[in-house]
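Beneath this line is the structure, given in structure tokens, with notes to follow.
We count ligands from 1, going down the list as the structure has it; atoms in each ligand are counted the same way.
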Amino acid sequence: MTTEFRKVTVLGTGVLGSQIAFQTAFHGFDVTAYDIDDAALTAARQRLEGLATVYQQEVEGADADNTATTASGITLTDDLAAAAAEADLIIEAVPEVLAIKRDLYRKLGELAPERTVFATNSSTLLPSDLVDYTGRADRFLALHFANRVWKFNTAEVMGTTRTDPAVFGAVVDFAEAIGMVPIELHKEKAGYVLNSLLVPFLNSGIALAAGGYAEPAAVDETWRIATGSPMGPFQILDIVGLTTPYNILANADGEGKKLAAWLKDNYIDKGKLGVASGEGFYKYST
Ligand code: NAD
């Protein structure tokens, strides 16, 4: 797969940023990752080393050598100007806070070369919420990954009405070149394809259990047997972790708040946060 991008910069080295950086470097691109300070960069180095181990276990063709080279080959910096200076493509994965993202794009628009394409990995914001701060409406769009990018390898590509179709196409090609399956959206949609389906599905599962209609395990079993899907909503919730769905529901109106309260009383307040905490709707051995 050919792509016009060679030098890729990732902004934010948290959960998703570190994965995007690693996946991109693993596929042979020249990757720089930016975060705000030394502490964040130390955490980034640890995340990248952790990913090297995970790739060896879960990614075909990954071994101790090539994952170590991948991790050490990623340039880490807290200098935004240096991170932007030579980038062909900048993928932004900083916190899901509008003010932080706008402020960053405002600075980046001035620091990056005119030719540089910017892509946001935002899950809940639309690219139109940010485009006016980028200084390059034609070269800005969303490229949305799913957590555990090496395995759940969709990359949703979604522009604004002002995105140049050639830029859109180049980002689709890039996604393929790093081992993703690009999913093209023709127009902006909050939640893209995945969360437009998943969020109502998960909420319906929670409503069945919270309303006393059926146990979580029975809801999951129904879904698995009757549709042939490998996982029901509560198995998925355990993997996602209960905190994010809780926060979304707690900020919703009426019914959402009731579901949030049920999650809090029965699970979150008891430390049952999902797979990562060893227990959610199910128990996990560590
Ligand atoms: P995170 O909190 O794990 O990481 C955010 C990183 O950004 C941290 O390392 C933080 O130090 C850094 N940061 C903070 N302020 C910054 C700034 N001004 N400039 C640069 N870096 C800054 O967050 P995350 O879960 O990786 O989410 C990042 C983005 O990815 C969000 O937009 C989110 O919607 C999106 N996303 C997350 C997931 C997920 O499952 N976590 C999935 C898809 C998309």
Side-chain angles (χ1 to χ4, degrees), residues 9-24 32-48 50-51 54 74-84 87 90-112 118-127 129-130 133-134 140-158 175 180-183 185 189-199 202 236-248 251 273-276:
T9 288
V10 179
L11 305 179
T13 58
V15 175
L16 258 284
S18 58
Q19 294 180 15
I20 296 165
F22 197 95
Q23 179 76 8
T24 305
T32 297
Y34 162 83
D35 213 305
I36 45 175
D37 55 24
D38 272 353
L41 294 178
T42 304
R45 187 49 72 204
Q46 283 163 2
R47 281 183 198 280
L48 294 173
L51 286 169
V54 172
I74 297 170
T75 305
L76 292 175
T77 180
D78 59 2
D79 179 344
L80 187 60
I90 296 182
I91 303 171
E92 170 269 307
V94 308
E96 193 72 340
V97 176
L98 188 59
I100 292 180
K101 291 199 196 265
R102 283 183 172 170
D103 180 53
L104 184 63
Y105 280 112
R106 197 182 292 117
K107 291 180 190 146
L108 201 62
E110 287 168 14
L111 293 170
F118 296 172
T120 180
N121 181 47
S122 174
S123 292
T124 61
L125 300 169
L126 292 173
D129 297 329
L130 303 168
Y133 299 80
T134 65
F140 174 67
L141 75 181
L143 175 61
H144 182 240
F145 295 82
N147 192 12
R148 301 171 71 81
V149 303
W150 61 92
K151 189 171 179 192
F152 302 126
N153 62 335
T154 52
E156 295 175 289
V157 186
M158 184 171 86
M180 298 288 112
V181 177
I183 308 294
L185 279 96
K189 170 81 177 84
Y192 305 81
V193 172
L194 176 62
N195 284 332
S196 296
L197 293 167
L198 188 60
V199 172
L202 298 180
I236 297 174
L237 280 162
D238 270 359
I239 291 171
V240 171
L242 272 56
T243 314
T244 304
Y246 167 75
N247 286 333
I248 295 172
N251 286 313
L273 304 178
V275 176

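The ring-ring contact (aromatic ring centres under 6.0 Å, His included) check on Phe145 picks up nothing, with sequence neighbours excluded.
For atom 23 (O) of ligand 1, no protein heavy-atom neighbour is found at a distance under 4.0 Å. Inside a 4.0 Å radius of atom 2 (O) of ligand 1 there is not any protein heavy atom. The presence of a protein heavy atom under 4.0 Å from atom 26 (O) of ligand 1 is confirmed.
Not a single N or O atom of Glu92, backbone or side chain, sits closer than 3.5 Å to an N or O atom of ligand 1. Looking at Ser123 next to ligand 1, an N or O pair under 3.5 Å apart turns up. For ligand 1, one of its N or O atoms has an N or O atom of Leu16 under 3.5 Å away. The N/O atoms of Arg47, backbone and side chain alike, include none that comes under 3.5 Å of an N/O atom in ligand 1. The shortest N or O to N or O distance between Val15 and ligand 1 is below 3.5 Å. Considering backbone and side-chain atoms alike, His144 places every N or O at 3.5 Å or more from each N or O of ligand 1.
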Using atom types as modelled, flag every donor-acceptor pair under 3.5 Å from a side chain in residues 75-82 to any protein atom, sequence neighbours excluded.
{"from": "Thr77", "atom 1": "OG1", "to": "Asp79", "atom 2": "N", "distance (Å)": "2.9"}
{"from": "Asp79", "atom 1": "OD1", "to": "Ala81", "atom 2": "N", "distance (Å)": "3.1"}
{"from": "Asp79", "atom 1": "OD1", "to": "Ala82", "atom 2": "N", "distance (Å)": "3.1"}

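The closest heavy-atom contact to atom 13 (N) of ligand 1, among the options Ser122, Ser18, Gly12, Pro95, comes from Pro95. The heavy atom nearest to atom 18 (N) of ligand 1, out of those in Ile100, Thr124, Asn195, Val240, is found in Ile100. The closest heavy-atom contact to atom 35 (C) of ligand 1, among the options Asn121, Leu41, Val10, comes from Asn121.
Close approach of ligand 1 to Phe145 (heavy-atom distance below 4.0 Å) involves ligand atoms 42 (C), 43 (C), 44 (C).
Using a 4.0 Å heavy-atom cutoff, Leu11 is absent from the residues neighbouring ligand 1. Ligand 1 has Lys101 within reach: a non-hydrogen atom of the residue lies less than 4.0 Å from it.
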